[in-house]
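First listed ligand is number 1; within each ligand, the first listed atom is number 1.
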Amino acid sequence: MNTLRLSAQDPRTPEIAAGILRRGGLVAVPTETVYGLGADGLNPAAVKRIFLAKGRPGDNPLILHVTGVEQLPQFCHDIPQAAYRLAQAFWPGPLTMVLPANDCVPRETTGGLDTVAIRCPQTPVTREIIRLAGVPVAAPSANLSGKPSTTTAQHVLHDHDGRIDAVVDGGPCAVGVESTIVDLTEDRPRLLRPGGVGPEALLAVLGDLVIDRAVTGLLADGDVVKAPGMKYRHYAPQEPVIIVAGSREKAARYIHAHFQPGDRVLCFAEELPLYAGCAPLAYGLEADPLSLSAGLFAALRDLDDPAVRRVFARCPVGGGVAYAVQNRLNKAAGFHIVDAEAAE
Ligand code: AMP
Ligand code: MG
């Protein structure tokens with residue numbers, strides 16, 4: 001199969017991409033979070049092709065992408081007021097809500113669950129493609145399962161060239177980490193995955209928020225999870241990642257003391273001078289957390305290389321999008337965190 005390259009700037013692109021989706025094909029689309037591998041979310045055969053292309057386990061559900069809050073009642077029921085307040089505050093944008101699914105949503109899309117995850121993306125070309133397709137677009141991140149997510153069209157082609165119908169190139173993603181997911185199907189709203197919308201912003205709208213255990217720690221085998229995707233190893237390059245926490249100076253002393261040939265350092269741009277000789281790679285500025293989220297997956301992809309032995313990573317602390325960066329790095333490291341302050 002020849003994978004079509006479509007430009008987000010070309011006025012013909014939305015109709016071409018929508019046509020492919022209507023015919024049951026796969027189109028990778030840009031969003032403000034990451035590139036998604038899209039298919040008609042109401043067509044079980046099309047959705048199955050997503051799982052096949054990614055090598056994704058069938059019980060890992062997909063997010064349905066819609067054009068706006070007015071579509072919610074088509075795909076879910078028992079919608080609480082909180083859902084409308086969240087949509088008002090954050091849609092279009094990097095927020096996904098989990099709600100009870102209507103029967104029109106195939107179980108292939110929901111990974112067998114009776115709930116469905118729904119989001120309205122910010123990127124105009126993608127909303128236009130969804131509108132023209134006339135169907136909600138199921139789209140997980142467009143990486144091969146288990147690999148760092150795709151934040152450029154080049155990443156998508158690296159993983160899927162010749163295996164999907166088309167990719168729409170909209171340039172690098174502005175947020176760079178997957179959407180915030182909030183489950184609204186229980187008594188209390190529950191954060192299943194942090195993303196571009198930070199926990200404080202959610203709390204300000206909801207007045208209450210439970211942080212799911214899948215966000216903050218490793219899940220044990222056999223744990224029952226609300227966020228099925230979170231039980232799989234995620235976001236990680238092939239070699240071990242070790243997060244080194246603590247002040248700039250103490251972290252640098254720890255890393256220099258333990259650095260061996262083949263190791264790499266993933267750090268903040270402000271820290272580059274500290275790691276001369278340690279093959280440092282900066283993924284953004286510590287002072288600008290959005291630059292860290294935007295750069296994280298491209299950096300993890302660069303480090304996904306058999307020549308790399310280990311990665312010592314510096315991780316931001318704080319709320320907002322920094323909380324999501326911390327979550328993805330923790331997952332990539334399997335929560336292997338060294339405290340440089342205590343190590344001295
Ligand atoms: P991805 O699109 O690859 O970033 O992953 C989508 C993630 O959304 C899944 O891995 C799940 O963690 C989450 N998700 C999707 N649908 C549901 C649902 N119905 N209930 C809970 N979590 C969901
Ligand atoms: Mg993913």
Student: To the nearest 0.5 Å, what is the distance between CG (L99) and CG (L184)?
Tutor: 5.5 Å
Student: Can you confirm whether Q260 is buried at CD, in the sense that more than 12 heavy atoms of other residues, nucleotides or ligands lie under 6.0 Å from that atom?
Tutor: yes
Student: Would you mind telling me if ligand 1 is within reach of the side chain of L192, the backbone, both or neither, using heavy atoms under 4.0 Å?
Tutor: side chain
Student: Below 4.0 angstrom from a heavy atom of L113, which ligand 1 atoms are there? Numbered from 1 as shown, please.
Tutor: 18 (C), 19 (N), 20 (N)
Student: Please tell me whether R119 and T33 have a donor and an acceptor in their side chains that are separated by less than 3.5 angstrom.
Tutor: yes
Student: Which of these passes side-chain contact (heavy atoms from CB on, under 4.5 Å) with L191: D183, V210, I211, V197?
Tutor: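 The single option meeting the side-chain contact (heavy atoms from CB on, under 4.5 Å) with L191 is I211.
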Student: Side chain, backbone, both or neither: which part of D183 has a heavy atom under 4.0 Å from ligand 1?
Tutor: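 For D183, no heavy atom sits under 4.0 Å from ligand 1.
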Student: Does only the side chain of R190 get under 4.0 Å from ligand 1, or the backbone, or both, or neither? Count heavy atoms.
Tutor: neither
Student: Does T115 approach ligand 1 within less than 4.0 angstrom via side chain, backbone, both or neither, non-hydrogen atoms only?
Tutor: both
Student: Throw together a table of side-chain donor-acceptor distances under 3.5 angstrom for residues 128-137, partners on residues two or more places apart or in other chains.
Tutor:
residue, atom, partner, partner atom, Å
E128, OE1, R131, NE, 3.1
E128, OE2, R131, NH2, 3.0

Student: Is a donor from one side chain sitting under 3.5 angstrom from an acceptor on the other, for T180 and R193?
Tutor: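 Per modelled atom types, T180 and R193 side chains form no pair under 3.5 Å.
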Student: Counting heavy atoms only, which of T33, V116, N60, D212 is nearest atom 10 (O) of ligand 1?
Tutor: N60
Student: When only distance counts, is R56 in polar contact with ligand 1, meaning an N/O pair under 3.5 Å?
Tutor: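 Among all N and O atoms of R56, at least one is under 3.5 Å from an N or O of ligand 1.
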Student: Can you name the atoms of ligand 1, numbered from 1 with element, that are less than 4.0 Å from a heavy atom of I181?
Tutor: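 Those of ligand 1 that fall under 4.0 Å from I181 are 7 (C), 8 (O), 13 (C).
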Student: Taking ring pair (Phe, Tyr, Trp, His ring centres under 6.0 Å) as the definition, give me every residue that meets it alongside F75, ordered by chain and number, with sequence neighbours left out.
Tutor: none
Student: Test side-chain hydrogen bond (donor to acceptor under 3.5 Å, both in side chains) on T31 and Q122 and set out the steps.
Tutor: CA-CA 7 Å; T31 80; Q122 173 80 70; over 6 Å; no
Student: Which ligand 1 atoms, with their elements, are less than 4.0 angstrom from a heavy-atom of S141?
Tutor: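 Ligand 1 atoms under the 4.0 Å threshold to S141: 1 (P), 2 (O), 3 (O).
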Student: Select the closest option to atom 23 (C) of ligand 1 among A101, P61, G36, judged by heavy-atom distance.
Tutor: P61
Student: Can V98 be said to touch ligand 1, with heavy atoms closer than 4.0 Å?
Tutor: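 Within the 4.0 Å threshold, so yes.
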Student: Run the numbers for me: atoms of ligand 1, each under 4.0 Å from some heavy atom of E178, listed by number.
Tutor: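 Heavy-atom distances to E178 below 4.0 Å select 4 (O).
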Student: Flag S141 as yes if one of its N/O/S atoms falls below 2.8 Å of the Mg ion (ligand 2), otherwise no.
Tutor: yes
Student: According to the interplanar angle, ranging from 0 to 90°, do the rings of F312 and Y254 count as parallel (below 30°), tilted (30 to 60°) or perpendicular (above 60°)?
Tutor: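 Perpendicular.
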